[in-house]
Amino acid sequence: MGVVILLIMLVGVVLMLSGKLPTAFALVLLGVSIALVTGAPLTGEESVLDTVLQQGAGGLAATMIAILLGSWLGRLLDETGIAGTLVRKIVEFGGDRPTVVALGVLAVSGLVGTVTGSAPAAMLAGIIGIPAMIAVGVPKVTAAGTILMGLAAGLPFELPVWQFFSTALDLPVETVRGFMIKLFPFAAFFAVLFVLVETRRRGVEHAWSLRSVDASAERRPSRRERLGDAPWYALFTPVVPLVLALGLELAIIPSLLAGVLFALVTTTRPRDMNRRLLRTLYASFDVAAAPIVLFVAIGILLAAVQLPGSVEALEPLVRNVSPQNPVLFVLVFGALVPLCLYRGPLNVYGLGAGIAGVLIAAGIYPAVAVLGLTTSYNQVFGVADPTSTQTVWSAQYSGVSPQQVMLRTLPYVWCVAVGGLIVTASLHL
């Protein structure tokens, strides 16, 4: 039966990689199929309809709310000009020094990455940051990679991600936070190293030769650019949720709500607050809809692989191929890093979530070790996967292909993942 489940998972991977089915639909199909082949009843306890579909669909509800709030805060950062102001101040400070400008944009990207992820975060930092970097001579591939490496540096402190791993792996937020703090130095170090190496690797490329810069220079100024910068005190908005959740250990959803209110109060006149709140909230649903649908599907898959029949069938197979020695753990899973690319089987926002559920439910590894494994892989997916929305947007806006960005950034984020695996093996195996 375990072999049958693996074959079903393989079919799911093929469907996702070939584009025959969207990832969310494929995951739901996988969850229902796995539940049926393991003999789960249609209704009742541990059933297809009541457990897998009903309970699984809402299993990550807290994550969905955190995603929505993060998207809401991201919309406010955009509409109020906070993100644009941060980038422009950094560019003004850097002048015509490519490395300084790139490091500044990297820092802003990391700050934005703690609030929201995916393409919206890349756009907040990149709409101004990418043309500015290219204008001072940063190569186009490096400009796109700088945005993505910055987002990855902020990813360990992205509160919706904390909520996702806490709920999906059934771990306290404090445990997730503790590991993310250990992962952050690797993400930050290799992000800075990327900028320092890549801005010097190919020399300066003159802006006049780059069509992406010419197009940017001809665009009409935004409303915020016409009206001026956001107030200086509003620029602390991205830090507010982080300080509350990390420093004061406040719950994630209240921390994000506090960031929303801070952005609103520091940038908006009282008579305009209601209108701006509603406008940005409704707009945030457009951004949050896709990840929320994906988390519904992931919840269904997790519920299916955690059924007693699934665990009983998969446990012998998974145990036989899972290294228990800490050194082998690092070597094997370090070599498998590319399998999280192209929506592969180790992508935590796809089939990788189901594999993580099996590893925990079968007792192969402690839940905190699975946390270390999945978060390490997530650092790679968030930067180098040519199918991720932030990679596609950053590459296209810079005038290069996502594959070019993948080849340039993969060595750095691979090192980040290996660093996370070393921490995991040394502390939790």
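All heavy atoms count here, side chains included; hydrogens, waters and symmetry mates do not.
Between Met133 atom CE and Leu106 atom CG the span is 8.5 Å, to the nearest 0.5 Å. Taking SG from Cys415 and CZ from Phe189, the interatomic distance works out to 9.0 Å, rounded to the nearest 0.5 Å. Going from atom CG of Leu256 over to atom CG of Leu244 covers 9.5 Å, rounded to the nearest 0.5 Å. Leu103 contributes atom CG, which lies 10.5 Å from atom CZ of Phe93 (distance to the nearest 0.5 angstrom). Taken to the nearest 0.5 Å, the CG atom of Leu86 stands 4.5 Å off from the CG atom of Leu235. Going from atom CZ of Phe295 over to atom CG of Leu27 covers 11.5 Å, rounded to the nearest 0.5 Å.
Annotation for Thr114 and Gly154: closest pair CG2-O, 3.6 Å, computed over non-hydrogen atoms. Considering every non-hydrogen atom in both Ile34 and Ser310, the closest pair reads CG2-OG, 3.4 Å. Contact detail for Ser322 and Leu359: the closest heavy-atom pair is OG-CD2, 3.9 Å. Across Ile147 and Ser109, no two heavy atoms sit closer than the pair CD1-OG, 3.5 Å. Considering all non-hydrogen atoms of both residues, Ser394 and Leu148 come closest at OG-CD2, 3.7 Å. What you find for Thr391 and Pro386 is that their closest heavy atoms are CG2-CA, 4.2 Å.
No side-chain heavy atom of Phe236 sits under 4.5 Å from any side-chain heavy atom of Val243. For the pair Ile82 and Thr267, the minimum side-chain heavy-atom distance is below 4.5 Å. The closest side-chain heavy-atom distance from Leu68 to Ser284 is below 4.5 Å. Side-chain contact check for Leu155 versus Leu151: every heavy-atom pair is 4.5 Å or farther apart. When side chains are defined from C-beta on, Val423 counts as touching Phe186, because their heavy atoms get closer than 4.5 Å. Taking the side chain as every heavy atom from C-beta outward, Thr99 and Arg200 approach each other to under 4.5 Å. Proximity of Leu53 to Ile300: side-chain heavy atoms (C-beta onward) are separated by under 4.5 Å at one or more points. Put simply, the side chain of Pro139 does not reach to within 4.5 Å of the side chain of Val141, judged on heavy atoms.
Between the side chain of Gln390 and the main chain of Gly382, a donor-acceptor pair closer than 3.5 Å is present. Judged by distance alone, the side chain of Thr280 and the main-chain N or O of Trp72 form no donor-acceptor pair under 3.5 Å. Checked by atom type and distance alone, the side chain of Gln306 never pairs as donor or acceptor with a backbone atom of Ala303 at under 3.5 Å. Using a distance-only test at 3.5 Å, with no hydrogens or angles considered, a donor-acceptor pair links the side chain of Thr85 to the main chain of Ala230.
Evaluation of the side-chain hydrogen bond (donor to acceptor under 3.5 Å, both in side chains) test over residues 414-429, restricted to residues two or more places apart or in two chains, returns none. Residue pairs satisfying the ring-ring contact (aromatic ring centres under 6.0 Å, His included) criterion with at least one member in residues 122-160, sequence neighbours excluded, are listed as follows: Phe157-Phe184. The stretch residues 374-386 participates, sequence neighbours left out, in these side-chain hydrogen bond (donor to acceptor under 3.5 Å, both in side chains) pairs: Asp385-Thr387.
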Please table the atom pairs, donor to acceptor, closer than 3.5 Å between any side-chain atom in residues 258-266 and protein atoms at least two apart or in another chain.
unit_1 : atom_1 : unit_2 : atom_2 : d
Thr266 : OG1    : Phe262 : O      : 2.7
Thr266 : OG1    : Ala263 : O      : 3.4

Got a list of side-chain donor-acceptor pairs under 3.5 Å for residues 159-167, not counting sequence neighbours?
unit_1 : atom_1 : unit_2 : atom_2 : d
Trp162 : NE1    : Pro156 : O      : 2.6
Gln163 : NE2    : Thr167 : OG1    : 3.1
Ser166 : OG     : Leu171 : O      : 2.6
Thr167 : OG1    : Gln163 : O      : 2.9

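If you check the side chains of Thr142 and Thr199, you find no donor sitting under 3.5 Å from an acceptor. For Arg276 and Thr268, the side-chain atoms include at least one donor-acceptor pair closer than 3.5 Å.
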*Under the side-chain contact (heavy atoms from CB on, under 4.5 Å) criterion, do Val115 and Glu158 qualify, and how do the steps go?*
CA-CA 6 Å; Val115 173; Glu158 186 183 338; over 6 Å; no
*Step-by-step salt bridge (Lys or Arg N to Asp or Glu O under 4.0 Å) determination, Asp272 to Arg269*: CA-CA 5 Å; Asp272 298 327; Arg269 295 174 181 175; 5.2 Å; no
*side-chain contact (heavy atoms from CB on, under 4.5 Å) between Val197 and Tyr412, worked out*: CA-CA 11 Å; Val197 172; Tyr412 299 91; 3.4 Å; yes
*Does the side-chain contact (heavy atoms from CB on, under 4.5 Å) test come out yes or no for Arg177 and Met180, once each step is laid out?*
CA-CA 5 Å; Arg177 180 175 60 226; Met180 291 299 199; 5.7 Å; no
*Between Val413 and Phe190, is a side-chain contact (heavy atoms from CB on, under 4.5 Å) present by the stated rule, with each step listed?*
CA-CA 7 Å; Val413 289; Phe190 284 102; over 6 Å; no
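With sequence neighbours left out, the salt bridge (Lys or Arg N to Asp or Glu O under 4.0 Å) criterion links Asp170 to no other residue.
Between Trp393 and Tyr397, the ring planes lie parallel to each other; the angle is under 30°, not in the 30° to 60° tilted range.
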